[in-house]
Protein chains: 2
Amino acid sequence: MYLCIMYSKELLKGTLKTIVLQLLSDNGRMYGYEITQRVKELSEGELKLTEGALYPTLHKLEADGFLSTEKVKVGGRMRKYYRLTPVGRTDAFRKTNEFRSFTAMMEKVLNIKPRLT
Amino acid sequence: MYLCIMYSKELLKGTLKTIVLQLLSDNGRMYGYEITQRVKELSEGELKLTEGALYPTLHKLEADGFLSTEKVKVGGRMRKYYRLTPVGRTDAFRKTNEFRSFTAMMEKVLNIKPRLT
DNA sequence: AAAGATACATTAGAATCTTATGTATTGGAA
DNA sequence: TTCCAATACATAAGATTCTAATGTATCTTT
């Protein structure tokens, strides 16, 4: 899925769709390369998406009706912009909420206390 | 990996080893079936391990030197108890810490605020 | 006597990722 | 001016990790 500097890669499995959908929810429209850079930036260099994971995921989300695309030529290079469809927006919300519930459940199972930040 | 009632199964990928090691860290020794029941109990019914995921994982953790085993006959039924090796104990600690770091990183990427519980 | 719970295990197939490879343009440094 | 890094897309073989199905056997409850 991604190259991750500090963490066990195993833990990251299954989170890529959630990340992509939430980023698009926050930013309106983004293209693939931009997503890889934004993730690196937000995670402070800890998480680096690989293209081999990202592009197939974007294609699948589009095929499933969660994303719409728009090709734009910038300079001499093509960019393929992705944007949430209404269904995709609903799913972004759902997946992010599920992630919160998931961590809460894991805290119960792992017997670790929620942080007091 | 598991049957999970409420959450997207994708999110759970990669967490099974962490769960198993942490449970053994908390409980000394446990057998496979007991682990499935304890997880169901701790997660309040939200997470149910499947045998097809659990047993291969236990075998792999043993092969990797993280767990030692002990067979005990109780009634007419065999139980195979698992216990952390010193290396396994270190890894349990490491994996649980990594899980915390992982959720912290995901919160940054998903732009969600830590809870104030 | 049958069904559900306890207790182990394996396997085919699906999903998801890693690693490697490929194409092409732009911009900056040597 | 030439070459390398960055930008920007994409695919594909193989590995890993799970799900769902199946199998064996004992104990307990109805």
Side-chain angles (χ1 to χ4, degrees), chain A residues 1-5 7-21 29-41 45 47-64 66-67 69-82 95 99 102, chain B residues 1-5 7-21 29-41 45 47-64 67 69-82 95 102:
Chain A
M1 173 196 269
Y2 349 23
L3 297 173
C4 188
I5 311 301
Y7 310 115
S8 146
K9 294 177 188 176
E10 301 167 329
L11 290 176
L12 292 156
K13 292 216 169 195
T15 58
L16 183 50
K17 285 181 191 167
T18 306
I19 290 171
V20 167
L21 292 172
R29 71 171 198 178
M30 301 179 84
Y31 55 100
Y33 185 77
E34 185 184 12
I35 291 173
T36 66
Q37 299 307 302
R38 184 63 60 85
V39 165
K40 189 157 63 172
E41 185 187 310
L47 182 56
K48 301 186 187 189
L49 304 195
T50 60
E51 293 114 321
L54 180 61
Y55 289 115
T57 296
L58 286 170
H59 299 162
K60 175 139 197 358
L61 288 172
E62 185 184 5
D64 290 347
F66 295 135
L67 304 181
T69 58
E70 178 186 359
K71 285 185 186 172
V72 178
K73 197 151 191 172
V74 178
R77 275 191 289 251
M78 193 198 39
R79 284 182 188 169
K80 195 168 166 186
Y81 277 101
Y82 291 88
K95 279 199 165 59
F99 183 78
F102 158 70
Chain B
M1 172 197 269
Y2 351 23
L3 297 173
C4 188
I5 311 300
Y7 311 115
S8 147
K9 295 176 186 176
E10 301 167 328
L11 290 176
L12 293 156
K13 292 216 170 195
T15 59
L16 183 49
K17 285 181 192 167
T18 306
I19 290 171
V20 167
L21 291 171
R29 70 171 199 179
M30 301 180 85
Y31 54 99
Y33 185 78
E34 186 183 12
I35 291 173
T36 66
Q37 300 307 302
R38 184 63 60 85
V39 166
K40 188 155 67 172
E41 187 188 309
L47 183 56
K48 301 186 186 188
L49 305 195
T50 61
E51 292 114 322
L54 180 62
Y55 289 115
T57 296
L58 286 170
H59 299 162
K60 176 141 196 358
L61 287 171
E62 187 184 4
D64 290 347
L67 304 181
T69 59
E70 177 186 1
K71 285 184 186 175
V72 179
K73 196 152 190 172
V74 179
R77 274 191 290 248
M78 194 199 39
R79 284 183 189 167
K80 196 169 168 186
Y81 278 100
Y82 292 87
K95 278 198 166 59
F102 158 70

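Excluded from the calculations below are hydrogen atoms, water molecules and symmetry mates; all remaining heavy atoms, backbone and side chain alike, are included. Note that this is a predicted model, so its numbers are computed, not measured. Chain A is the first sequence line, chain B the second, and so forth, proteins listed ahead of strands; every chain is numbered from 1.
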message: With a 4.0 Å cutoff (strictly under), does any side-chain N or O of B/H59 reach OP1 or OP2 of C/dT10?
response: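 True: B/H59 side-chain N/O within range (under 4.0 Å) of C/dT10 OP1/OP2.
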Nearest whole Å is fine: how far is [N] [atom2] from [X] [atom1]?
X: A/L58; N: D/dC9; atom1: CG; atom2: C1'; result: 11 Å
X: B/L16; N: D/dT16; atom1: CG; atom2: P; result: 16 Å
X: A/M30; N: D/dA8; atom1: CE; atom2: C1'; result: 14 Å
X: A/L49; N: D/dC9; atom1: CG; atom2: C1'; result: 15 Å
X: A/L61; N: C/dA15; atom1: CG; atom2: C1'; result: 14 Å
X: B/K60; N: D/dA15; atom1: NZ; atom2: P; result: 14 Å
X: B/Y81; N: C/dA7; atom1: OH; atom2: C1'; result: 11 Å
X: A/L54; N: C/dT16; atom1: CG; atom2: C1'; result: 14 Å

query: Taking for each residue the nucleotide of DNA chain C bearing the nearest heavy atom, is the 5' side occupied by A/G75 or by A/T57?
result: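 Counting from the 5' end, the first nearest nucleotide belongs to A/T57.
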For the side chain of [X], starting at C-beta, report the closest nucleotide among [options].
X: A/E51; options: C/dT16, C/dC8, D/dA10; answer: D/dA10
X: A/Y31; options: D/dC9, C/dA9, C/dT16; answer: D/dC9
X: B/M78; options: C/dT10, D/dC9, C/dC8; answer: C/dC8
X: A/Y55; options: C/dT10, D/dT17, D/dT11; answer: D/dT11
X: A/K17; options: C/dT16, C/dC8, D/dA8; answer: C/dT16

- prompt: If you look at every strand shown and take non-hydrogen atoms under 4.0 Å, does A/R77 touch a base, only sugar-phosphate, or nothing?
  reply: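 A/R77: base contact, heavy atoms under 4.0 Å.
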message: For A/Q37 and A/K80, find the nucleotide of DNA chain D closest to each by heavy atoms; which residue's nucleotide sits nearer the 5' end?
response: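 Result of the comparison: A/Q37.
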task: Under the side chain to side chain donor-acceptor pair (under 3.5 Å) rule, collect the residues that match up with B/Q37, sequence neighbours excluded.
output: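 Applying side chain to side chain donor-acceptor pair (under 3.5 Å) to B/Q37 gives none.
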Would a 4.5 Å heavy-atom cut-off, applied to side chains only, mark [X] and [Y] as touching?
X: A/L54; Y: A/V20; value: yes
X: B/K71; Y: B/K80; value: yes
X: A/L61; Y: A/Y82; value: no

A/K17 to A/F66, cation-pi by 6.0 Å centre distance and 45° axis angle: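 Pair A/K17/A/F66 does not count as cation-pi.
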